[in-house]
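Single-structure report; data block below.
Note that these values count all heavy atoms, side chains included, but never hydrogens, waters or copies made by symmetry.
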Amino acid sequence: MLKFSRFLIIGLLLAGCSATVESRIDSIRAGYMNVPVDASDVENKNNLDLLITADAMFHADDIRGADNAYEIFNRKNPGVADGGDILREATSLTLGPNANDYKPYMMDSLFVSYYQLWAALIDGRYDDARVIINQSYARQTDMSRAYEKLIESNQKSFTENTELTTNLRNENSKWTAYRDIMNPALMYLSGIYFLNNGDFNDAKTYLSRANGMMPKNTFVAQDLKNAEFGTIPKNTVWVFIEDGFAPKLTERRLSLPIMHGNGLTTVTIATSEPVFSNNIVHIDNAQELANVDAMFMTEYGEYRINDALRAFASASARVILQTTMYNSHSGNASWLGLLSTLYSEITNSADVRTWATLPKTISVLRVPNNKSGLIELRSNGNLIEKVSLPTSGNYLTYVRTAPTGYDIKTIKLK
């Protein structure tokens, strides 16, 4: 029993608290783009800290540092995992999901490619940009296959666990998923790159994909026509605007009845649910390019079923553990039972980690370079920011809005 009590105490120390994770993410978002970047020991950061650090470096104009951090992430996460390994599942069961390293969403990897493409263009590494585009599409193809397998697997879960999965499914029903695991902003940026290089066949390929996902965006349609006619736009500025924050997750605890022995008891399970940000600035005449909320929910809606079922199984095991300890016929039964109850409560948590500093929306503004050297960004007619650029030529402009200010980067296109 002494060994078991030590195991319980160690479990209490290692288990991550969902409330602590949520509080930290809130703090990071509150000071977004306005706090010092912790670039120390990047190689050894966990996945989520690595993504947050790379993002902070990018906005602090440490483009090479950001690209290096993103590349470290790519090395740590070389493929698409469509399931969990045994060690990870065991750790989650015994110590809670937060005891494992953050398991990135497929969407995270696509945004890594998106920001690496921006970094290459900012640095003028046009050959690297082409490599990144090719690698990102191969990655998206793999993700699409993995996503299909996930849906097939969940279909079986729906029939075997009707009540729980149906309820979760209904909660996600309002979201219109993209038809595939794709990032339309990455597709459009890739298409603009090829269009300005005069690689019209490649431009058509990527602009067609972007147009298929965002058929109402007239800017995408206009550039697709340019690619089809073999025309490079002249004196044009593409302004990519990132605004708001992607969904964060919060923990929700549910009590469900479960048969134990000959009786009925109650088991508490912890699941996550999304919280959406609504504080965004709509730029006049800009058109939506990527709805990151929808991108996230496309994937999260499927993972949520698996996580809920695992949480149910884990909570059930903890009920058995508590019952066993309280009825162990040992002189320490009460102490062990209390420890097991405390252990069950702390480790029975939801994984609420997400790359929550991603934008809520990405929109695009396509305007002529009218030789004034200035683009005015307005919201409801009110001037909110000015973008300075040379008076001729084609340019990409990256804009990230945040409560603490704006990050603006302008890139000359070939």
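No side-chain N or O of N235 forms a donor-acceptor pair with one of N394 less than 3.5 Å apart. Counting only N and O atoms by type, the side chains of Q116 and E71 include a donor and acceptor under 3.5 Å apart. Side-chain N/O atoms of N370 and S372 include a donor and acceptor closer than 3.5 Å. No side-chain donor-acceptor contact under 3.5 Å links S363 and Q287.
Counting heavy atoms from C-beta on, the side chains of V399 and D407 never come closer than 4.5 Å. The side-chain heavy atoms of L51 and D55, taken from C-beta on, include no pair separated by under 4.5 Å. Here the side chains of L377 and L365 are in contact, with some heavy-atom distance below 4.5 Å. Counting heavy atoms from C-beta on, the side chains of L396 and I122 never come closer than 4.5 Å. Here the side chains of P274 and M297 are in contact, with some heavy-atom distance below 4.5 Å. Between N196 and W238 the shortest side-chain heavy-atom distance falls below 4.5 Å. Contact check for F58 versus K409: side-chain heavy atoms found under the 4.5 Å cut-off. Here the side chains of L121 and L189 are in contact, with some heavy-atom distance below 4.5 Å.
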Test side chain to side chain contact (heavy atoms under 4.5 Å, CB included) on L224 and Y188; report intermediate values, then the result. CA-CA 10 Å; L224 176 56; Y188 187 45; over 6 Å; no
Step-by-step ring pair (Phe, Tyr, Trp, His ring centres under 6.0 Å) determination, Y398 to W118: CA-CA 8 Å; Y398 170 91; W118 275 109; 5.3 Å; yes
Side chain to side chain contact (heavy atoms under 4.5 Å, CB included) assessment of R400 paired with Y32: CA-CA 11 Å; R400 178 60 161 111; Y32 191 58; 3.8 Å; yes
Audit row: M57, D67, side chain to side chain contact (heavy atoms under 4.5 Å, CB included) steps and yes/no: CA-CA 9 Å; M57 287 177 166; D67 187 62; over 6 Å; no
Using the side chain to side chain contact (heavy atoms under 4.5 Å, CB included) rule, take N226 and L207 through it: C-alpha gap first, then chi angles, then the decisive distance, then the call. CA-CA 10 Å; N226 284 329; L207 291 171; over 6 Å; no
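Taking the ring centre of F245 as origin, the terminal cationic atom of K360 falls outside the region bounded by 6.0 Å and 45° from the ring axis. Under a cutoff of 6.0 Å and an axis angle of 45°, R209 and Y137 form a cation-pi pair.
Within the 3.5 Å criterion, the main-chain N or O of N201 finds a donor-acceptor partner in the side chain of T205. Judged by distance alone, the side chain of N369 and the main-chain N or O of G393 form a donor-acceptor pair under 3.5 Å. Using modelled atom types, one side-chain atom of R29 and one backbone atom of A356 make a donor-acceptor pair closer than 3.5 Å. Here the side chain of N211 pairs no donor or acceptor atom with the backbone of V220 at under 3.5 angstrom. No donor-acceptor pair under 3.5 Å is formed between the side chain of S27 and the backbone N or O of S23. Counting only distance, with no hydrogens or angles, the side chain of N291 and the backbone of D293 share a donor-acceptor pair below 3.5 Å. For N197 (side chain) and D199 (main-chain N/O), no donor-acceptor pair under 3.5 Å exists by modelled atom type. Side chain of T236 to backbone of P233: no donor-acceptor contact under 3.5 angstrom is found. With hydrogens and angles disregarded, a donor-acceptor distance shorter than 3.5 Å links the side chain of E299 to the backbone of M107. A donor-acceptor pair is defined here as one N or O able to donate and one able to accept, closer than 3.5 Å; such a pair exists between the side chain of D101 and the backbone of N47.
Taking CD1 from I25 and CD1 from I28, the interatomic distance works out to 7.0 Å, rounded to the nearest 0.5 Å. Rounding to the nearest 0.5 Å places CZ of F229 at 10.5 Å from NZ of K204. Here D62 contributes atom CG and H59 contributes atom NE2; the two are 12.5 Å apart, rounded to the nearest 0.5 Å. With rounding to the nearest 0.5 angstrom, the CG atom of L110 is 6.0 Å from the CE atom of M295. Within the model, atoms CD of E385 and OG of S379 stand 12.5 Å from one another, a figure rounded to the nearest 0.5 Å. Atom CD1 of I283 is separated from atom CD of E376 by 12.0 Å, given to the nearest 0.5 angstrom.
Comment: R24 engages D49 in a salt bridge, judged by a side-chain N to carboxylate O separation of less than 4.0 angstrom. A salt bridge does not link E43 to K76: none of the charged side-chain nitrogens sits closer than 4.0 Å to a carboxylate oxygen.
Taking all atoms of both residues into account, the shortest heavy-atom contact from V352 to S272 is CG1-CB, 4.4 Å. Of all heavy-atom pairs spanning S388 and T410, the tightest one is O-OG1, 4.0 Å. The two residues V42 and A69 come nearest to each other via the heavy atoms CG1-CB, 4.0 Å. Residues N183 and M213 share a closest heavy-atom pair of C-CE, 4.4 Å. Minimum heavy-atom separation, F240 to A185: CE2-O, 4.0 Å. Closest heavy-atom contact between R130 and Y193: CB-OH, 3.6 Å.
In N279, the CG atom is not crowded: 12 or fewer heavy atoms of neighbouring residues, nucleotides or ligands sit closer than 6.0 Å. Atom CG of N285 has 12 or fewer heavy atoms from other residues, nucleotides or ligands within 6.0 Å.
Ring planes of F296 and Y300: parallel class, angle under 30° (limits at 30 and 60°). Ring geometry for Y70 against W355 counts as tilted: the plane angle lies between 30° and 60°, on a 0 to 90° scale.
Sorted by first and then second residue, the ring pair (Phe, Tyr, Trp, His ring centres under 6.0 Å) pairs with a member in residues 199-222 read F194-Y206; sequence neighbours excluded.
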